[in-house]
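Right, one structure below, let's go through it.
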Amino acid sequence: MNFKQLFSMQRELDTHIEQKHGLQEESLIQRKTLALLVELGELANETRCFKFWSLKKPAEREVILEEYVDGIHFILSLGLEINIDREKDFKKEENDNNINEQFLYAYQTISAFQVNQEEQHYEAMFSAYLQLGHLLGFSAEDIKRAYLEKNEENFKRQEQGY
């Protein structure tokens, strides 16, 4: 999946937020990484995949997709922070993980990136996250559509003092 358009949109949103909040000179990598981990937890919570003790059903597909795309926002933003090549075609990492294993693997790759913000760790993190989306049943078209919708909502939130 080519993310060139989404990187461009994310740069616009990041620039808007940084200017509005006076953060142009501050490195936000650590905060964005923590935000990504939080979003991953929120996504897991909506899927309820780990809640073996509960009979409650997962959230609606669109709610789960919106949570998933929140993570895409932070992954793109982190890529911009480390000047990743936005022309690159990022692909999901195919593996035999079940959904719970993939959530844990995504946490591991994000943590590895937090320790070492090099391109190889970024790519591993992005690939693991894309594989998670695949396991959740999301197509590239689903992700792009939901990203575009959420990006617009994020701009509106900024204008409303979110």
Side-chain angles (χ1 to χ4, degrees), residues 1-11 13-14 28-82 84-154 157:
M1 181 172 175
N2 188 303
F3 287 88
K4 182 179 179 182
Q5 177 189 11
L6 303 189
F7 271 115
S8 177
M9 293 175 72
Q10 189 64 47
R11 179 178 297 286
L13 179 61
D14 286 357
L28 299 172
I29 291 176
Q30 296 300 317
R31 288 202 243 177
K32 289 178 181 181
T33 303
L34 178 57
L36 176 56
L37 289 166
V38 170
E39 292 298 340
L40 184 59
E42 290 177 4
L43 174 62
N45 201 45
E46 293 296 345
T47 69
R48 304 183 60 78
C49 63
F50 65 95
K51 294 188 175 188
F52 58 87
W53 61 88
S54 177
L55 297 175
K56 187 176 174 185
K57 299 284 185 212
E60 296 291 323
R61 183 178 191 278
E62 283 300 310
V63 171
I64 294 171
L65 178 57
E66 183 176 339
E67 288 295 341
Y68 178 79
V69 168
D70 286 345
I72 293 288
H73 273 84
F74 285 108
I75 289 173
L76 294 171
S77 189
L78 286 165
L80 293 169
E81 289 277 350
I82 65 165
I84 202 74
D85 178 8
R86 294 176 304 281
E87 297 290 327
K88 194 173 188 72
D89 192 24
F90 295 95
K91 296 180 182 347
K92 66 183 181 334
E93 178 185 294
E94 308 242 355
N95 58 41
D96 294 328
N97 288 349
N98 65 38
I99 193 75
N100 290 300
E101 292 166 334
Q102 194 63 29
F103 267 107
L104 291 170
Y105 183 62
Y107 271 108
Q108 290 170 359
T109 60
I110 294 165
S111 295
F113 173 79
Q114 188 271 323
V115 171
N116 188 344
Q117 291 114 23
E118 291 182 1
E119 186 172 345
Q120 67 188 29
H121 294 287
Y122 178 82
E123 288 179 15
M125 174 179 68
F126 207 161
S127 295
Y129 200 78
L130 291 174
Q131 176 63 11
L132 180 61
H134 172 74
L135 290 174
L136 291 169
F138 302 138
S139 68
E141 293 78 27
D142 292 332
I143 294 166
K144 184 174 182 178
R145 175 189 53 79
Y147 178 88
L148 296 174
E149 290 170 4
K150 189 62 184 262
N151 188 271
E152 183 179 330
E153 181 182 326
N154 286 340
R157 284 179 170 176

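Atoms considered below: every heavy atom in the structure, side chains included; atoms not considered: hydrogens, waters and symmetry mates. Since the structure is predicted, the reported quantities are computational estimates derived from the model, not experimental observations. Position 1 is the first residue of the sequence; numbering continues from there.
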Distance-only criterion, 3.5 Å: show the donor-acceptor pairs between side-chain atoms of residues 116-126 and protein atoms not counting sequence neighbours.
{"unit_1": "Q117", "atom_1": "NE2", "unit_2": "Q114", "atom_2": "O", "d": "2.9"}
{"unit_1": "Y122", "atom_1": "OH", "unit_2": "I75", "atom_2": "O", "d": "2.8"}
{"unit_1": "E123", "atom_1": "OE2", "unit_2": "K88", "atom_2": "NZ", "d": "3.2"}

Run the side-chain hydrogen bond (donor to acceptor under 3.5 Å, both in side chains) check on E101 and N95 step by step: do they pass? CA-CA 10 Å; E101 292 166 334; N95 58 41; over 6 Å; no
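- One finds the CG atom of L78 at 9.0 Å from the CG atom of D14 (value rounded to the nearest 0.5 Å).
- Between atom CD1 of residue I72 and atom CZ of residue F138 there is a gap of 10.5 Å, rounded to the nearest 0.5 Å.
- Between K57 and R48, every side-chain heavy-atom pair lies at or beyond the 4.5 Å cut-off.
- Contacts of E39 classified as side chain to side chain contact (heavy atoms under 4.5 Å, CB included), with partners at least two apart in sequence or in another chain: E42, E67, D70, F74.
- To the nearest 0.5 Å, the span separating CD on E62 from CG on D142 amounts to 7.5 Å.
- Taking 4.5 Å as the limit, every side-chain heavy atom of F50 sits out of range of all side-chain heavy atoms of I99.
- There is no side-chain donor-acceptor pair under 3.5 Å between Y105 and Q131.
- Q10 and Y147 form a side-chain donor-acceptor contact under 3.5 Å, judged by distance and modelled atom types alone.
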Using the salt bridge (charged side-chain N to carboxylate O under 4.0 Å, His left out) rule, take E66 and R61 through it: C-alpha gap first, then chi angles, then the decisive distance, then the call. CA-CA 9 Å; E66 183 176 339; R61 183 178 191 278; over 6 Å; no
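- Atom OG1 of T47 is separated from atom CG of L132 by 8.0 Å, given to the nearest 0.5 angstrom.
- For K92 and E94, the salt-bridge test passes: some basic side-chain N is under 4.0 Å from an acidic carboxylate O.
- With contacts defined as side-chain heavy-atom distances shorter than 4.5 Å, the pair L43/Y129 qualifies.
- Atom CD of Q30 has more than 12 heavy atoms from other residues, nucleotides or ligands within 6.0 Å.
- Dense packing is recorded around NZ of K51, with more than 12 heavy atoms of other residues, nucleotides or ligands lying under 6.0 Å away.
- Listed by chain and number, the residues in a side chain to side chain contact (heavy atoms under 4.5 Å, CB included) with L37 are Y107, I110 (sequence neighbours excluded).
- Ion pairing of E149 with R145 is present here, as a side-chain N (NZ or NE/NH1/NH2) and a carboxylate O approach within less than 4.0 Å.
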